[in-house]
Visitor: 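What follows is a single structure, and I will ask about it in a moment.
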Amino acid sequence: MDLENQKRVLDLSEKYGKENVVVVLGTAEAESAGLTAETVAAGDPTYAGPLAGVSLGLVVYHVFELKDQFDAQVYDDQCGMMEMVLDVDALNNEVSSMRKQFSKF
Amino acid sequence: MIKIVHYINQFFAGIGGEEKADFKPEVREGIVGPGLALKTAFGNEAEIVATIICGDSYFNENLEAAAKEILEMVKKYSPDLFIAGPAFNAGRYGVACGTICKEVQDKLGIPAVTGMYIENPGADIFKKDVYILSTANAATGMRQAVPAMAKLALKLANKEAIGTPYEEGYIQRGIRKNIFREERGSKRAVNMLVAKLKNESFETEYPMPDFDRVTPNKAILDIKKTKIALVTSGGIVPKHNPDRVESSSASKYGKYDISGVMDLTEETYETAHGGYDPVYANLDADRVLPVDVLRDMEKEGLIGELHRYFYATVGNGTSVANSKKYAAEIAQELIKDGVQAVILTST
Amino acid sequence: MRLELGKVLIKDMQFGNQTKVENGTLFINKEEMLNAISGDDRIKGIELDIAKPGEETRIMPVKDVIEPRVKVEGPGSIFPGVLGKADVVGSGKTNVLKGAAVVTTGKIVAFQEGIIDMSGIGADYTPFSKTCNLVVVCTPTDKLQQHEHEQAVRFIGLKAANYLGEAARNVVPDEVKVYETLPFAESLKQYPNLPRVAYVYMLQTQGLMHDTYVYGVDAKKIVPTIIYPTEVMDGAILSGNCVSACDKNPTFSHCNNPVIEDLYERHGKDYNFVGVIITNENVTLMDKERSSNWTAKLAEFLSLDAVIISEEGFGNPDTDLMMNCKKISDKGIKTVLITDEYAGRDGASQSLADADRSADAVVTGGNANEVIELPAMKKVIGYLEPADIIAGGFDGSLRPDGSILAELQVITGATSEIGFNKMSATTL
Amino acid sequence: MLKDKKVIIIGDRDGIPAPAIEECIKTAGAEVVFAATECFV
Amino acid sequence: MVKEIERAGLPVVHICTIVPISLTVGANRIVPAVAIPYPLGNPTLSKEDEKKLRRGIVEKALKALQTEVTGQTVFEK
Amino acid sequence: MKFIQGNYYDVLIEVRDLVHLCYELITHPLVGSVKPNETPYRSIILKQGINTDLQSVTIIENSIQTYEKFERMKSTPIWSQRILEDFQFVDLKLFESSLDSISLYS
């Protein structure tokens, strides 16, 4: 995950309180989805960024997991196309497994 | 407790990417970046007392000075163990990790470990000298790399016997080590013979030196429009060898402008090659590098263009790693300059 | 050709009143034996000594190791063409004093190598620490030429083994093993469906102290030829090679060639072992070309499917090995090679002086350059001083306390290229 | 689930980009405090 | 060396004296040369003849570059 | 017959230069099992040819590499006269054996 973005996540979670922050991902590949989820929940697994060794424990979802929460029409317009192309199950599994392991809220 | 100094680059120190690659060596007390992961892996057995950070460009462009500077930093902490990286597939980071590990090992007598992806150029250059843990090609492999590196590092620090590359996960060093096998040699030979007869798999105990092959590139369609470059391992250089290309064990190569040069003469060119009688090449370097003929052909329109630079190394005694490195660099430059085909001459 | 090999197991060796085998002990009448082996006026004196497994004894510099054997039935005698007539051997019955060996020692030239330690770490590397050894120490007359000296010691060793072998003539062997190879046409009929394999046996043949003899003929003067495996067991091939201790084949190893033994093990099951092609390792390139052409030709002539090729020695034989491998492979015959390595003390250098792509199945006897520390021994038979100058030794090799720091090269049979040992090397 | 939460969006140039996710989030009654699109290749 | 240039995507012809070495180092298009101290020359010839000889070798090299090959190929004298 | 004042290596280098000038190796430069970092003596037989002999080049280059490998491990010691004479003797015997082999077909 981008080093700049790690910094923003760190700052924002301090500003608003970790329990109030939710991270939503739009990642295309299961592997990078998992890594990003791990970064914001457990810390940067590559140990290169500001989140190295920092376990924020943030709640993290892939956008596909939240389908029911959104206006169906908007979701369909924005995400419908990619939902057909990408491996939704793999992505959801990867992110939810990270969430279950590392999210504290 | 075992004291460790850890070396990382500017990226893993969170300083920045390519734009910060000229970052000069700096030492920080305690742990930075991937050191955190190492700390977890080491538990109570070892402690990272300092982290040295250096930009990849800075290191590679100031190789000797940087190595010296870093060595001094390491010395101050008199650690029991030195760890660099892991560098994954980052080429210059890999070279830096390898260089500094070798220096620390050779000059300070401190065991050193690094980690790299097997195709990292640093791995090829340093695998003989340094234990390099085989890692994934990107930093996402940190989680797998670190515990294995820590394990190997602890063994080295405690002077325990190091197992095979397969057992320990390091990149094969190419070092032959005597072992005792289950069966006597003749029995092993018979087993191998039977496996070979039955077309079953078997493993040779002594692999022949590398016979790696490359698929040939497509032929040139219109040679009359082709820009051709000359490269030689015959050591042809301008008179008096301005770049001091060495007569053997070449540690550099030369790149020479031949725009306007129609013929290589005794007064202007010579050979730096130490592997053969140089008299004939010194009298007429075209005998090794046919500039005169190619100029004629260029004039006659038989070829598109002769590239304005030629490249020269000496073939003998050049280490495989070096010659690979030079050739890769030369090839990149040639492609950038729009060269479409190469004539390489060897003695 | 069918040979019954009777093994008389020897567990102990002692000097006694009569030379005989009793309950696994070989008693030797020293007087009688000295009488039997002396008579060469080039040798001033001969001493006999015994070295047994586990003793703190070092033998050096070792020239040859010979196993005592005796021909009980069938044509010829042991060491044909040398001690007896050049009759074709390899059939009938032969008895062996299994567990006994004759070891010859001598300073033929100043830089001699060849160490056998009977205990300690060095003993793990040589097969001859496991045998009860009768050591023959010969003192040459003054100013004896080296090649005369070499020849005298070689003959005395053979005579000694022959003398001891006689002790097994009338003993009922503890174990009998039968080895049989049929004439080629019959052998094909016997196993029509099995792949045909042979053993290409390379012999060191370069000159003084680098020679091998076949039925008494200097093997550099032969062209590659075919022999029955059992001929080798009766002493058809003898060593006159005493330079490279670790990877030369002493006469003992020729008679007990493990490649032949192990090829027999699966003969008739996985393949048909049809015979042995012996070839040489010469000094001139033309000879090398000719010999390798001939081995390949013979391999083709026998319609072989696969061969095992073993090397002897270091450096230029690598060229012979690769030539043999390449030319035989080019005929569509599969090859397995046995060699050893000189990869440097750190193991980082190129192991062989030659290489070929076809050599894709190689068994190695290990890196001869690896350094080993041999502890001091209570007793030294032979001469300790050469340690400094033996191959693989170096200045300061021999320490004041009698221990030796040297490369494995110095140990007789350590990196056997006919696969005598379990030692090998791997890439780290 | 999302109501009244502060949402950080990490989109993917090759997956769902941040602005698209943002549109959706708005319909769930949450506040987007940061949105970025990464390129993961 | 020749292998790395080929690997980078440039067709390369190797003019060398010792063909087996060229085969070992993995060149694909190989043109044999004259002798080690003078791969593209011959001091016993006159200047003109020597240049003619050299031109012959270079022409063969260019032909090699224009020839499609699938594996290691030696363009004989 | 050319005598090279120097050591094993100097002989190898001279032979390499000759090979590059179209001489052909008759005997293998690493003849015998005496290691290159032991003996200071070496006799090698060559014959003048017309073209560079490929096999000779490969062999001499490999031999030089082998020599360098051994020399890196441990350089040839300074031997006493007695040992030097023995090395001379072995070199002579190997040389004679080469001559014997050659006379078989010339």
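Small disclaimer: the values here were computed from a predicted structure and weren't measured. Computed from heavy atoms alone, side chains included, the values below leave out hydrogens, waters and symmetry copies. Each chain gets a letter, A, B and so on, in the order the sequences are listed, and its residues count up from 1.
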Visitor: Heavy-atom distance under 4.5 Å between the side chains of B:Leu38 and A:Tyr47, does that happen here?
Guide: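 Not touching, per the 4.5 Å side-chain cut-off.
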
Visitor: Return the minimal non-hydrogen interatomic distance between A:Thr46 and B:Met142, and the atom names on each side.
Guide: O-CE, 2.9 Å

Visitor: Is it true that atom CD of B:Glu119 has more than 12 heavy atoms of other residues, nucleotides or ligands lying nearer than 6.0 Å?
Guide: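 Open.
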
Visitor: Quick check: are there more than 12 heavy atoms from other residues, nucleotides or ligands sitting under 6.0 Å from CD of B:Glu203?
Guide: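 Open.
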
Visitor: What do you reckon, is CD of B:Glu167 surrounded by more than 12 foreign heavy atoms closer than 6.0 Å?
Guide: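 Yes.
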
Visitor: Heavy-atom distance under 4.5 Å to chain B: side chain of A:Glu31, backbone, both or neither?
Guide: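 Side chain of A:Glu31 only, per the 4.5 Å heavy-atom cut-off to chain B.
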
Visitor: With a 4.5 angstrom heavy-atom cut-off, is it the side chain or the backbone of A:Glu38 that approaches chain B, or both, or neither?
Guide: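 The side chain, not the backbone.
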
Visitor: Check whether more than 12 heavy atoms from other residues, nucleotides or ligands sit under 6.0 Å from atom CD of A:Glu29, and answer yes or no.
Guide: no

Visitor: Taking all non-hydrogen atoms of both residues into account, name the closest pair between B:Phe11 and A:Leu3 and its distance.
Guide: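 Minimum heavy-atom separation between B:Phe11 and A:Leu3: CE1-CD1, 3.7 Å.
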
